[in-house]
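Below is one structure, written out as structure tokens, with a few remarks after it.
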Amino acid sequence: MRRKRSSRIPAGVPTLSKKDFESDQDVRWCPGCGDYSILAQTQRIMPELGIPKENIVFISGIGCSSRFPYYMNTYGFHTIHGRAPTIASGVKMANPDLSVWVITGDGDALSIGGNHFIHLMRRNFDVNVLLFNNRIYGLTKGQYSPTSEQGKQTKSTPLGSVDTPFNPISLALASGATFVARSLDRDPNHLRAIIKSAFEHKGTSFIEIYQNCNVFNDGAFFQYTEKDTKADNTVILEHNEPLVFGAERDKGIRLNGFQPEVVKTTNGEYSMDDLIVHDQYAEDTTLANFLARMSDTLDLPDPIGIFRSIRHPCYEDLMTNQIRTAKERMGEGNLEALLNDGETWTVS
Amino acid sequence: MRRKRSSRIPAGVPTLSKKDFESDQDVRWCPGCGDYSILAQTQRIMPELGIPKENIVFISGIGCSSRFPYYMNTYGFHTIHGRAPTIASGVKMANPDLSVWVITGDGDALSIGGNHFIHLMRRNFDVNVLLFNNRIYGLTKGQYSPTSEQGKQTKSTPLGSVDTPFNPISLALASGATFVARSLDRDPNHLRAIIKSAFEHKGTSFIEIYQNCNVFNDGAFFQYTEKDTKADNTVILEHNEPLVFGAERDKGIRLNGFQPEVVKTTNGEYSMDDLIVHDQYAEDTTLANFLARMSDTLDLPDPIGIFRSIRHPCYEDLMTNQIRTAKERMGEGNLEALLNDGETWTVS
Amino acid sequence: MRKPVEQIEEATILFAGDSGDGSQTIGTQMTETTALIGNDVATLPDYPAEIRAPAGSIAGVSGFQLHFSSEQIHTPGDLCDVLVAMNPAALKVHLNKLKPNGILIVNTDNFARRNLRLAGYEEDPLEDDKLTKYQVFRVELTQLTRKALEATQLSVPEIDRCKNFFALGMILWLYNRPMEYTMKWIKAKFAKRPQYVESNILALRAGNTYCEATEQFAVSYDVKPADFEPGTYRNIEGNMATVLGLVAASYQSGLPLVYGSYPITPASDILHGLAQYRNFGVVTMQMEDEIAAVGVAIGAAFSGSLGVTGSSGPGLALKSEAINLAMIAELPLVVCNIQRAGPSTGMPTKTEQSDLLQMFYGRNGESPLPIIAPSRPFDCFETVYEACRIAVKYRTPVIFLSDLYIAMGAEPWKIPQLSELPEIRPDFAVSADTRNGFEPYLRDPETLARPWAKPGTAGLEHRIGGLEKSDVTGHVSYDAENHQRMVEIRAEKVARIADALPPTEVFGAPEGDILLLGWGGTYGAIRTTAENCVADGLPIAHVHLRHLNPFPKDLGDILQRFKKILIPEQNSGQLLQLIRSTYLIDAIGFNKVQGQPFHVFELAAKIDEILEEIGRA
Amino acid sequence: MRKPVEQIEEATILFAGDSGDGSQTIGTQMTETTALIGNDVATLPDYPAEIRAPAGSIAGVSGFQLHFSSEQIHTPGDLCDVLVAMNPAALKVHLNKLKPNGILIVNTDNFARRNLRLAGYEEDPLEDDKLTKYQVFRVELTQLTRKALEATQLSVPEIDRCKNFFALGMILWLYNRPMEYTMKWIKAKFAKRPQYVESNILALRAGNTYCEATEQFAVSYDVKPADFEPGTYRNIEGNMATVLGLVAASYQSGLPLVYGSYPITPASDILHGLAQYRNFGVVTMQMEDEIAAVGVAIGAAFSGSLGVTGSSGPGLALKSEAINLAMIAELPLVVCNIQRAGPSTGMPTKTEQSDLLQMFYGRNGESPLPIIAPSRPFDCFETVYEACRIAVKYRTPVIFLSDLYIAMGAEPWKIPQLSELPEIRPDFAVSADTRNGFEPYLRDPETLARPWAKPGTAGLEHRIGGLEKSDVTGHVSYDAENHQRMVEIRAEKVARIADALPPTEVFGAPEGDILLLGWGGTYGAIRTTAENCVADGLPIAHVHLRHLNPFPKDLGDILQRFKKILIPEQNSGQLLQLIRSTYLIDAIGFNKVQGQPFHVFELAAKIDEILEEIGRA
Ligand SMILES: Cc1ncc(C[n+]2csc(CCOP(=O)(O)OP(=O)(O)O)c2C)c(N)n1
Ligand SMILES: Cc1ncc(C[n+]2csc(CCOP(=O)(O)OP(=O)(O)O)c2C)c(N)n1
Ligand code: SF4
Ligand code: SF4
Ligand SMILES: [Mg+2]
Ligand SMILES: [Mg+2]
């Protein structure tokens, strides 16, 4: 696990429990909303991160998902629509010791906040971004979002939406994200594991979480989350493992040239060795990009897990270095000297 | 060549010349600026497109490059910083018969305008975007831009910039762009050809044009544009052709798995058939993404030409269809009937 | 035998319950029926916060207030004659709105310990004597509904969802209203789910017969139809009227409508409404943000369409830079701001009038824009139509400044004849009629409007932009005198709109002690107050401004004719500010910034206070 | 033998030429030297449009005006004693600024046909008699420079680039100033290019000896040092003073400075300046846009740093939504607006004061913010420092409203002692001192400031946001009374800033006919005018407001003491508006919206006009 700046709980101090991370505010989402599970998993995993809760900050934009910080008994800032990444960048830059979390929705992050989202990725601040993708605008009561499928009928598009959706994973990769993953509101164990890896990654960690909005877009992800369909429609990414899927784990994905194909690994023709092997640490994004697009353009199963996890310098560290070296070279700033700098003359 | 909506010049009408596209305003860029060449090539190619100039609209944001519309004797709108894509979308939606061109810079399109840029790509309006990438803010006199290399020393970053640059081609691809190309201010013939293909493409056409800002970022692209270095540092993309480059065209790029490598095609070991063959019409973006990243992460030569060119429905056409079918199903709207719709009662 | 019926002039009913209880639905149905049988009506839906609150909690209470009368009315009423409380939280939140001796109907089945605790009641209010000053009717609404529907195949949750119609059945009986309209609506609404048609109608009937059969109610009431001027009427909400006004402006002008927007409470319904009218050629574009939304509208305007954008306060802040571009480019554009309670995100589901000065000044540089505001739900139609007319005639962005209270409120609307709608003439430039070729900033001497030349017109190719432009030619100019001139021309162009405005209507005394000066959604409360004063023979008048920029030319004189100018606003005194600086009059503000509309009694009290001071009464 | 030297009190010199001619450089050098030998100086750089115009064109003219004196001065001067015109375009643009019989130095080598045509001259102005009313000195500047440098190895273009120093050499001679400071600067500047050091110094000397040797000038002039109060001085531009003020506030408060910005004229230099001071722990973040820029500043403020953001009008429009968030979150934040000529993109390189009302009202809802404005270049230091002090003390965003004229102008500044700087105390919350745990909206009874608890502080974990919050606890609240209370508290908090302000300085008559009321960059012109009036014994005074919101408490009384209040502004009357509505006084506006500062004679004329009216003189 990579070193993190976030100052850890000194040994001896009693470790925390889920309860410690629950605020006194009663949680307000529709009954059955996927947000509840994401909140619960986050509160459960927090104690395992081993940082005191006063060093944790949750920052959100606006949306149902963005109410999240009110329910975490840490520092929190429910900001304005789409701008959480900018405020989080400021928080992290001002105090790199804090563990900073951005909570956002598909509209908040990819519609109004799209620009800040991609710029956050390229700057690689050491913050963790949890995008609750329910493919709808929940808070404003059901308009299509940039991740809604084309042709989606909503309040604002009674005859169907006409724009093609974004693929958040592709967008993050293209923006230079150093940690890119996907998880599910309905798979608590996987979700907790991914959140933990995101935390452990030094640099901007982006997690797209498929989240069910049972009021305005119910079942959007059931093919990926429900028992009967899950195995055939998703492939779990594991570093160094071949891309295998299916209830019997008897199907795999093989490449010839740039053309992927699904093959049976049981009828002798192909073996595990013929399959694409996942490498989440590859600097080059070609494989990650391929995985990101598998399910939309190639109708292959949808990958769940970590697409990419590489180490690049973080904005706040590079900036802090500039300050350190400047102080070394020029000495701690001296205001008196600064004001009297340059050509001066004295009148007596 | 694909059918375009932009109404063409009726046969018989005298065709136009470059002069016809020059406005009466004197051109204002620094002597030696790459913008002059791009303007000239655009004015030269316009007559060949065969559309009357009153049907052409140039829309720009703010920046040196964005002064462009003032010099074109067509309709033009020099808007505000970063917003040209939104205004162009409105123009095209309101009148799909117009040939709409967006002129923008690396700051205008990728810094403040980043969100509109990626959303324009996914909506696929039939507009052409010329991004003058000089990797600097010219108009504001030399601050680093989102395409400036990390560590760049500028007025605003005397100790070097700390953020990693965007790769505009990757970003466009990730956003779902249907036509993505790159050309050079210093290669007039290639530039004209690419502009023409962009025009002929139905859907959003994005061209990244390497442009020299000789005042604030001189020589940023000389390795790709100058005689002596060009051949070894760039590979010209041609559909269905292998990736060959070098002054002697004796070098090629070959793939094993997802790992590319440069091979000599003359020492017998490898032949042309072993090389990656470019397919600009591939729906899947894996190859295009690989090409986009070749030169930054894999230090292979930088591709020039068309990365991707595929046909998807355009926003304005889908919307127009909704209107047509609605009129067919419900009949031309009748205001009288609309106002009196629903439960009414009469007082006499 | 039929129970006695008592004639009354008006009544106010408040339906309140948990967000899930369907109070909005039955409120709307009661409104429809009441309007259809000819009463004047005014409504006030009061939603909880945007996000769903825990069932039974205070924050989860949703209310719908309906005021109907045999006379003309302008407000949903201050206090209620009837309160229907579906749970303890609803009782807690709304009891203070019930008149002494008013009728309180509670669903006792929802008064279990847990609900009481959720509502923050120590002990059961139905037990103690807090309610003695009301006529309390304890109804086992849930049980009775289940009994009535036991024959159906529905699950218990499904059955329970019908109980609101049981309550509506009771109210319809209480005010002697027919059930037919509601039944018709139920049939249409659940056309695809026949079992729900049956169940809801059963519940409705059950509630109705329950009143007839039981001893609960001794009498029922009747409110005679109001006399409206002849015409065809429909009941309409402000946002819907706005939608229709925009479609009408597009239809009458022949300009295709392009509406660019980004969802936001309470403006979203305009987007939803317009999206229904593709067959009118209406284009709606839900964009990535408010900037893009106004951007497409500006682009559409440049292309020769009717470009419109709509949002609420925070969205308007984001649009301001682009609106400024449209201002200097002098393009027709209509900007709808449906105000909500600020600042910042504020209270998105509550009403307020606090964006007036933002609309005046929220742009860099000298950037004057016409601003007009509707005064009541149906007035949104005429006002937004007027906004379109001005935008096209003067080639300028126009701000249509509505608010949540009007946008969500409903009242009967006399549907206009198309012939009554003022003309909107695009008058596109078709040829360059000057020696020097086409001059995009050569103005109409009367309106100072510049030509609107749309791309596609041969010979009129021209370039515009956000840099200062030289008079007439429109070329970029940094010339000092030119800048001064252009700043003045842009101001003068807006000022001249007042030349063509009708004289201002003064309701009540032509001169006297107090002039109530208002704008926007406060109309109802102010007018009702004024009517009462006038009825009492007090020298008081009411002027309600539709045009906030420019002010009507006769306003100054009117103000002079009164001892005191009282300006009630749902902000801290924004119109007040403008009136004081423009006319140097010591106008008085009466300001309520609570997310709630004015009550008539509040205004009446303030007036008495002032009359005291100036030594009357 | 040495030529005669004439003593004069003051002089104004205007260097003008093509953008490439280096007028800004020699102007700055002349200023430095002049300041260093003890004159009071004031400068006005006048840039062409942002984008480079064709060489020799009108649009390409760049000017630098310098006024220096043995007395205290406040403006760069109305008209000039000397005009150095490097080409015909410069002559065309600036001749009207030269006093009758003033000295005109032209580079005749640049008066070829082509240049004349570019400048729009039919025939050569040097030929005809238009210039007879000036002392014209025709100098073959290019040729002479080439001759002087022929020994060097430089190319002709390189040599020609030195001719501005030849011109400077002449001016230094003309005003008897030493060349040493300039030589020192040249050596530093071209340390890495010795050949340029040599060439430029050669040119400088050549120009100097040219005057000594030739018959061109009969006399030279001397301006004695002005008497400044004792202290150490440096010459400083407004933006640089702003940079130093921010660094000082950070240094004195111990709060690390985080400056978030996005480049824009004329604010960019603050970003460039601050980026130099990493050794002071200064973090500068050039963000993707203005929204992100203010976003990081807000985030930094939440984390316990001194968050600052800066831009100009269009950028402020974009920041408004986020500033509103900081307002309701009640976080310390300093927002710098360096105004330029609007509306929209307007004239980015010209000055204006037209964003005042945008700063007051450009946010949705009731969103009061303190606004303070510097009055002259060096005043930026103290004013921005004051902005930081208020932001931290009252936990609120503060608007620092500068303008291009001040930002780019330069004057001598008496460097303050650190001990003179007011204290800035962060007073972070360290523990929850209430029974109910930490209450983020429990206020200081005096200032109404809320606690500033930074993440990392154990026990103070809390959540804030843009929704209305309940008093004391800061929890989300939609309660009606609470909203009213919070709106009032936020207004009161800003109002109370006035309690701690010093009495307003009234220059001139304590009471009388006319009070000149100004703010911002008009200080110099107004004060000079006032001084002249006072010298003439007229009952006139000048008050210049630093605090625009809230107004000083004694302002109302002061206004009462004068017959007329005249408010000169470089906008259409924005402060005027506020003064009229606040004090119901019939103040008069004097408005110049031309992207150019006021001239003293313009103000003087206006005053005479008013005195006429009120029947004096
Ligand atoms: C500037 C601004 N524009 C619009 C809104 C209205 N708004 C609030 S949340 C939201 C979108 C919510 O969708 P998403 O981000 O997917 O979050 P979800 O509610 O689905 O969790 C919108 C449009 C706003 N609050 N502020
Ligand atoms: C809202 C706003 N912010 C900032 C600016 C200042 N500005 C004008 S152009 C520009 C960037 C120009 O860079 P680029 O887009 O790369 O164009 P170039 O000049 O290099 O061609 C900036 C920051 C502005 N005009 N408007
Ligand atoms: S609307 Fe959807 S996303 Fe929002 S709380 Fe309800 S279920 Fe969850
Ligand atoms: S600054 Fe650079 S980009 Fe701008 S005109 Fe000059 S050379 Fe061209
Ligand atoms: Mg969502
Ligand atoms: Mg650039």
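The structure presented is a predicted model; accordingly, all values stated were derived computationally and were not measured. Protein chains get the first letters and strands the later ones, always in sequence-line order, with residue 1 at the start of each.
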With sequence neighbours excluded, residues passing side-chain hydrogen bond (donor to acceptor under 3.5 Å, both in side chains) with D163(A):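 side-chain hydrogen bond (donor to acceptor under 3.5 Å, both in side chains) check on D163(A) returns Y144(A), R123(B).
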No-hydrogen, no-angle side-chain donor-acceptor test under 3.5 Å, Q286(C) and S156(A):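 Distance-only check passes for Q286(C) and S156(A).
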Measure across S111(A) and Y262(C) and return the closest heavy-atom pair with its distance rounded to 0.1 Å.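 Looking at all heavy atoms of both residues, the closest pair is OG-CE1, 3.3 Å.
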S268(C) side chain near K141(A) side chain, heavy-atom distance below 4.5 Å: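 Side-chain contact under 4.5 Å: no.
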Of the backbone (N, CA, C, O) and the side chain (C-beta and beyond), which part of [X] lies under 4.5 Å from a heavy atom of chain A, both, or neither?
| X | value |
| --- | --- |
| M287(C) | backbone |
| I291(C) | neither |
| S344(C) | side chain |

Under a 4.5 Å heavy-atom cut-off, does chain C meet the side chain of L159(A), its backbone, both or neither?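 Just the side chain, heavy atoms under 4.5 Å.
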K18(A) atom NZ, neighbour heavy-atom count above 12 within 6.0 Å: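 Count over threshold, so yes.
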With a 4.5 Å heavy-atom cut-off (strictly below), which parts of residues 79-91 of chain A touch chain C? List them by number.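 The list, in residue order, reads T79(A), I80(A), H81(A), R83(A).
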Quick check: under 4.5 Å, non-hydrogen atoms only, which of residues 26-35 of chain A neighbour chain C?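 If one takes a 4.5 Å heavy-atom cut-off, the residues of residues 26-35 of chain A near chain C are D26(A), V27(A), R28(A), W29(A), C30(A), P31(A).
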State which residues pass ring pair (Phe, Tyr, Trp, His ring centres under 6.0 Å) with F125(A); sequence neighbours excluded, sorted by chain then number.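 Scan of F125(A) (ring pair (Phe, Tyr, Trp, His ring centres under 6.0 Å), adjacent residues dropped) gives Y315(A).
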